[in-house]
Engineer: 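Sharing a structure below in structure tokens format, with a few things to ask.
This chain uses plain numbering: 1 for the first residue, then up along the sequence. Model, not experiment: these values are computed from the prediction.
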Amino acid sequence: MSRSDLLARHREVMPGWMSLYYEEPVEIVSGRGRHVTDADGNTYLDFFAGILTNAVGYDIPEISDAIRARVDSGVLHTSTLYLIRQQVELAERIAELSGMSRPKVFFTNSGTEANETALMLATQRRRSNQVLALRNSYHGRAFATVGITGNRSWSASALSPVKVSYVHGGYRYRSPFRNLSDADYVRACVEDLREVIETTTAGDVACMIVEPIQGVGGFATPPDGLFGAFAEVLDEYGILLVSDEVQTGWGRTGEHFWGIQAHGVVPSAMTFAKGLANGMAIGGLVAEAELMDCLTANSLSTFGGNPVSTAAATATLEYLLDHDLQGNAARLGARLLAGLRTHAEGSALVGDVRGKGLMIGVELVRPGSAEPAPEAAGRVLELARQRGLLVGKGGLHGNVLRLAPPMTLTEEEAAEALAVLTDVLTTAEKELRA
């Protein structure tokens with residue numbers, strides 16, 4: 001069956017709002033290391049890793065063997081009504097890594113479900129449906145998580161079970177405070193937070209949910225310490241802090257194991273998903289016991305924490321710890337950021353280069369202005385694919401390149417990707433000017 005036939009079938013039976021990359025979408029059929037191969041035999045260096053999900057790459061024996069062992073047992077599912085050894089062992093490991101005083105862990109199938117659970121716990125604990133969120137945020141596609149998503153491109157409905165107030169801080173490049181120093185930026189955002197609480201809420205807010213780096217929002221990166229300063233205000237009102245670590249967890253930012261650690265605060269809950277099981281479906285949250293145990297009704301997740309996904313997650317977690325992939329992300333991320341920022345100095349197309357570790361955003365603008373250039377981002381994706389490199393894009397205006405390769409990236413691969421990126425950025429800028 002040809003690619004065009006598969007594409008036609010896709011469009012016939014899949015939702016129209018489920019977009020595909022590239023003018024001629026690719027079907028990925030195999031992978032090894034940091035490379036994937038499509039159905040036409042073309043091989044690419046993958047710099048988006050299944051939206052940060054294939055965190056340690058492809059065809060990793062330690063992870064594949066753990067999955068095969070569970071499949072060979074003949075038991076793929078038992079439900080959480082029975083003891084699951086792999087689930088308990090993984091929960092213990094995550095609790096240990098959380099930094100919380102009395103952590104408990106609940107597993108789901110995705111980041112959306114994890115954030116929905118965090119909202120359910122916080123609103124139950126505080127007996128309030130009021131939530132604070134950041135502008136330009138993204139937290140999932142379900143009813144409540146769409147309600148707290150501060151990005152119009154991903155917010156399909158104004159209907160919501162929660163009442164949300166949005167604050168400044170996450171997206172600095174287009175913020176009215178962008179030209180302030182880090183310290184003054186933090187102060188201005190804290191003042192905005194306090195004013196929002198005082199003027200748009202009844203005071204008894206359930207929680208504030210933040211992404212340490214805004215993923216779908218274009219890897220927007222606030223100054224370190226911002227959320228620690230926010231937490232001081234939240235504590236005055238008894239408001240819980242929830243960190244959405246779906247994209248920033250497991251050492252990807254290089255500096256810390258959890259993204260929120262850059263802000264000097266331990267939240268009441270952290271949600272996670274994506275890279276934990278290197279491609280197997282898993283999500284969840286770790287929270288202080290007082291919050292986790294606050295429900296007064298029964299609840300469970302039928303598939304969350306199943307033996308196969310938790311076995312894969314444990315193998316992935318141990319692999320990235322044993323191989324210091326956090327350190328690798330810090331080293332190679334610094335080289336990529338430096339190279340891209342050097343290129344940006346001579347480019348009118350690149351408005352901003354930001355991020356941490358192997359989580360880098362490149363915001364493209366029309367030369368001579370700060371106006372978003374989404375068509376340039378689309379063109380860079382096409383040119384990079386033609387050169388054997390897959391990258392992502394996002395941001396409020398769809399004009400931000402998102403670079404998030406597997407954390408096992410090598411120096412040679414980083415250099416290769418940087419060369420391709422700077423070349424195609426130059427080409428795209430020339431085309432845009434023409």
Side-chain angles (χ1 to χ4, degrees), residues 100-101 106 111-140 142-152 154-155 157-171 175 177 185-212 214 217 222 225-246 259-260 263-271 285-297:
M100 296 178 181
S101 58
F106 178 74
T112 290
E113 292 177 48
N115 285 331
E116 288 277 333
T117 305
L119 291 173
M120 180 176 66
L121 291 172
T123 54
Q124 169 69 15
R125 178 65 182 164
R126 291 276 291 159
R127 306 304 295 173
S128 168
N129 72 336
Q130 297 177 96
V131 174
L132 298 170
L134 291 172
R135 301 181 184 201
N136 197 49
S137 59
Y138 175 83
H139 297 286
F143 196 35
T145 51
V146 165
I148 60 170
T149 288
N151 185 318
R152 192 174 189 182
W154 294 89
S155 185
S157 173
L159 301 174
S160 175
V162 292
K163 183 181 183 299
V164 187
S165 296
Y166 293 100
V167 302
H168 284 291
Y171 184 24
S175 167
F177 311 136
Y185 181 90
V186 170
R187 275 192 288 271
C189 292
V190 168
E191 290 174 5
D192 175 65
L193 169 63
R194 189 180 295 279
E195 183 178 9
V196 166
I197 294 172
E198 293 289 345
T199 62
T200 71
T201 79
D204 56 337
V205 178
C207 69
M208 181 176 197
I209 185 167
V210 302
E211 298 164 275
Q214 294 183 332
L226 174 67
F227 299 131
F230 276 8
E232 293 179 7
V233 176
L234 300 179
D235 287 345
E236 293 178 25
Y237 295 88
I239 300 170
L240 305 175
L241 176 63
V242 177
S243 181
D244 180 343
E245 299 277 350
V246 169
I260 198 68
H263 299 269
V265 62
V266 178
S268 297
M270 294 186 291
T271 59
L285 73 158
V286 54
E288 294 289 359
E290 186 179 36
L291 174 59
M292 186 69 84
D293 290 337
C294 74
L295 292 188
T296 55

Engineer: When you measure from the side chain of Y185 to the backbone N and O of G169, does any donor-acceptor pair fall under 3.5 Å?
Structural biologist: yes
Engineer: For the residue pair D204 and R127, establish whether any side-chain heavy-atom pair is separated by less than 4.5 Å.
Structural biologist: no
Engineer: Closest heavy-atom contact between A269 and M100?
Structural biologist: CA-CE, 3.8 Å
Engineer: Short question: side chain of Q214, backbone of R135 - any donor-acceptor pair under 3.5 Å?
Structural biologist: yes
Engineer: Out of curiosity, I260 CD1 to M270 CE, how far, rounded to the nearest 0.5 Å?
Structural biologist: 9.0 Å
Engineer: Determine the minimum heavy-atom distance between L241 and P267, stating which atoms define it.
Structural biologist: O-CB, 3.3 Å
Engineer: Given side-chain contact (heavy atoms from CB on, under 4.5 Å), test L240 with R126 step by step and report yes or no.
Structural biologist: CA-CA 9 Å; L240 305 175; R126 291 276 291 159; 4.3 Å; yes
Engineer: Verify, without hydrogens or angle tests, whether Q130 (side chain) and V164 (backbone) share a donor-acceptor contact under 3.5 angstrom.
Structural biologist: no
Engineer: Quick check: does any side chain N or O of T149 sit under 3.5 Å from a backbone N or O of N151, one acting as donor and the other as acceptor?
Structural biologist: no
Engineer: Which distance, rounded to the nearest 0.5 Å, do you find between the CD of E290 and the OG of S101?
Structural biologist: 9.0 Å
Engineer: Distance alone, cut at 3.5 Å: any donor-acceptor contact between the side chains of H168 and D192?
Structural biologist: no
Engineer: Is it the case that the side chain of S175 and the backbone of Y171 share a donor-acceptor pair, with hydrogens and angles ignored and the cut-off at 3.5 Å?
Structural biologist: no
Engineer: Would you say the side-chain atoms of H139 pair up with the backbone N or O of T145, donor to acceptor, closer than 3.5 Å?
Structural biologist: no
Engineer: List the steps and the verdict of side-chain contact (heavy atoms from CB on, under 4.5 Å) for L121 and C294.
Structural biologist: CA-CA 7 Å; L121 291 172; C294 74; 4.2 Å; yes
Engineer: Can you name the closest pair of heavy atoms from L285 and A114 and give their distance?
Structural biologist: CD2-O, 4.4 Å
Engineer: Counting N and O atoms only, with roles assigned by atom type, does the side chain of T200 sit under 3.5 Å from a partner on the main chain of I197, one being a donor and the other an acceptor?
Structural biologist: no
Engineer: Please check this pair: side chain of S137 against backbone of G150, looking for a donor-acceptor N/O pair closer than 3.5 Å.
Structural biologist: yes
Engineer: Distance-only criterion, 3.5 Å: show the donor-acceptor pairs between side-chain atoms of residues 230-239 and protein atoms not counting sequence neighbours.
Structural biologist:
unit_1, atom_1, unit_2, atom_2, d
E236, OE1, R194, NH1, 2.9
E236, OE2, R194, NH2, 3.1
Y237, OH, E198, OE2, 2.3

Engineer: Looking at T117 and E113, would you say the former's side chain and the latter's main chain have a donor-acceptor pair under 3.5 Å?
Structural biologist: yes
Engineer: As an exercise, state the distance from CD1 of I209 to CG of D244, rounded to the nearest 0.5 Å.
Structural biologist: 5.0 Å
Engineer: Give, for atom CD1 of I148 and atom NZ of K163, the distance between the pair rounded to the nearest 0.5 Å.
Structural biologist: 14.5 Å
Engineer: Between the side chain of S243 and the main-chain N/O of E245, is any donor-acceptor distance below 3.5 Å?
Structural biologist: no
Engineer: Evaluate the side-chain proximity of V242 to V210: yes if any heavy-atom separation is below 4.5 Å, no if none is.
Structural biologist: no
Engineer: Taking the side chain as C-beta and beyond, is there a heavy-atom pair between M292 and V286 under 4.5 Å?
Structural biologist: no
Engineer: Which heavy atom in L119 sits nearest to a heavy atom in A144, and how many Å separate them?
Structural biologist: CD1-CB, 3.7 Å
Engineer: What I'd like to find out is whether the side chain of V196 reaches to under 4.5 Å of the side chain of Y166, using heavy atoms alone.
Structural biologist: no
Engineer: Can you confirm whether the side chains of T123 and N129 place a donor and an acceptor under 3.5 Å from each other?
Structural biologist: no
Engineer: Grab the two heavy atoms, one from F227 and one from P212, that are nearest each other, plus how far apart they are.
Structural biologist: CE1-CA, 3.8 Å
Engineer: Can you give me the closest heavy-atom contact between S128 and A206, atom names plus distance?
Structural biologist: O-CB, 3.5 Å
Engineer: Might you work through the side-chain contact (heavy atoms from CB on, under 4.5 Å) test for L134 and E211, ending with a clear yes or no?
Structural biologist: CA-CA 8 Å; L134 291 172; E211 298 164 275; 5.8 Å; no
Engineer: To the nearest 0.5 angstrom, please state how far the CE atom of M120 sits from the CZ atom of R125.
Structural biologist: 14.5 Å
Engineer: Rounded to the nearest 0.5 Å, what's the gap from CG on L226 to SG on C189? Could you check?
Structural biologist: 5.5 Å
